[in-house]
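Here is the structure we will look at, set down as structure tokens.
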2 protein chains.
Amino acid sequence: MEIKIALAALGALAQETRLLIFRMLVQAGPEGLSVGRIADKLDTEPNGRLSFHLKELVRAGLVTATQSGRFIFYSANYPVMNDLLAYLTEHCCAGESCGEVVHGCTNLENPS
Amino acid sequence: MEIKIALAALGALAQETRLLIFRMLVQAGPEGLSVGRIADKLDTEPNGRLSFHLKELVRAGLVTATQSGRFIFYSANYPVMNDLLAYLTEHCCAGESCGEVVHGCTNLENPS
DNA sequence: CTAACATTTCAATTATTATTGAAACATGGA
DNA sequence: TCCATGTTTCAATAATAATTGAAATGTTAG
């Protein structure tokens, strides 16, 4: 992963509304949530502010938008999330004895 | 992990110089690096700018500073890093079949 | 004690990012 | 077609963060 991509992702997550949305989508699974549903859960309305933050998450590659009828569903982009986690811990401790921990979620619906 | 703590950590990492420093320290292991050494690796000098960014990383809890003689050593705070990774992936896919991935580094020198 | 090195502090400037509110666009059902 | 619903765009303002350069602090060795 290139540093610019990691910076974009981290910058996108470093904001309360967006972090809440992202975690919500990670927990929602690959089907995602509509904007209205996200707004409900945040106890706000699908307004310009929310739209702005969703766009930022998409721009950072952390989230994907798919139109379905009158609704737009946003869902977490798991591979990008995992790449980000890997980037942060890469070559940890220069390979010295250092316990590994399980984090991340592949969500491979169609494992190849 | 509380959201405020996660936001502080993400915000600290969402900046090129700081992300470079953090990864450098993660890779350096628990002994850390002195400010001068960090400056060398960044091809810069131990100036106000570097000091500012180091302080931000400490403020976010991602990094620890320890004085040793005339030098100050900065090192990665692995537990905080792992908590952050866990926070991002928490309750991923609401528990549905969803492959787990290894990321993170405990670096337990004294496992209990 | 003094000089030299390592690092930090501070205030001013500049740059980036978030919020707000109003208006506009798109979609599907009556 | 027309209206209601769902969502986005835009420009202005407000808030937050980064950079710079100079001066100050703390530390050790001679």
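Below, each value reflects all heavy atoms present in this structure, side chains not excepted, and no hydrogens, waters or symmetry copies. So that the names make sense, note that chain A is the first sequence line, chain B the second, and so on, each numbered from 1.
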NA contact type, A:R37, heavy-atom cut-off 4.0 Å: base, sugar-phosphate, or nothing? nothing
Is there a donor-acceptor contact under 3.5 Å linking the side chains of A:R23 and B:T89? no
Just the rounded figure in Å: distance from C1' of C:dG21 to CD of A:E45. 13 Å
Whole-Å distance between D:dT16 C1' and A:E16 CD? 15 Å
How many whole angstroms separate atom CD1 of A:I72 from atom P of C:dC25? 16 Å
Less than 2.5 Å separating the SG atoms of A:C105 and B:C92? yes
Picking from D:dT7, C:dA6, C:dT8, the nucleotide nearest the side-chain atoms of B:L54 would be C:dT8
Measuring to OP1 and OP2 of D:dT8, would you say a side-chain N or O of A:Y74 lies under 4.0 angstrom away? yes
Both B:F71 and A:R59 contact DNA chain C. Which one's nearest nucleotide lies toward the 5' end? B:F71
Spacing between A:K55 atom NZ and D:dT7 atom C1', to the nearest angstrom: 12 Å
Name the residue closer to the 5' end of DNA chain C, choosing between A:G48 and A:S68 according to the nucleotide with the nearest heavy atom. A:G48
Classify A:G11 by what it touches in the nucleic acid, base, sugar-phosphate, or nothing, heavy-atom distance under 4.0 Å. nothing
Counting only heavy atoms not in A:E45, do more than 12 sit closer than 6.0 Å to its CD atom? no
Length of the line joining B:L50:CG and D:dT20:C1', which is rounded to integer Å: 14 Å
Which of the following nucleotides, C:dA18, C:dT9, C:dT7, is nearest to the side chain of B:V35? C:dT7
Atom CG of A:N47 and atom C1' of D:dC10: how far apart are they, to the nearest Å? 14 Å
Scanning both residues in full, the closest heavy-atom pair of A:C93 with B:Y78 reads SG-OH, 3.5 Å
Rounded to the nearest Å, what distance is computed from the CD atom of residue B:E56 to the C1' atom of nucleotide D:dT19? 13 Å
Can you measure B:Q15 atom CD to D:dT16 atom C1' for me and round it to whole angstrom units? 14 Å
Side-chain atoms of A:F52 come closest, of D:dA18, C:dT9, C:dA18, to C:dA18
Can any side-chain N or O of B:T44 pair as donor or acceptor with the backbone N or O of B:D40 at less than 3.5 Å? no
Taking only side-chain N and O atoms of B:H53, does any of them lie within less than 4.0 angstrom of OP1 or OP2 on D:dA17? no
Taking 4.0 Å as the cut-off, does a side-chain nitrogen or oxygen of B:R70 come that near to OP1 or OP2 on D:dA29? no
Does B:Q67 have a side-chain nitrogen or oxygen under 4.0 Å from the phosphate oxygens OP1 or OP2 of D:dT28? no
Can you tell me if the side-chain N/O atoms of A:R49 get under 4.0 Å from OP1 or OP2 in D:dT8? no
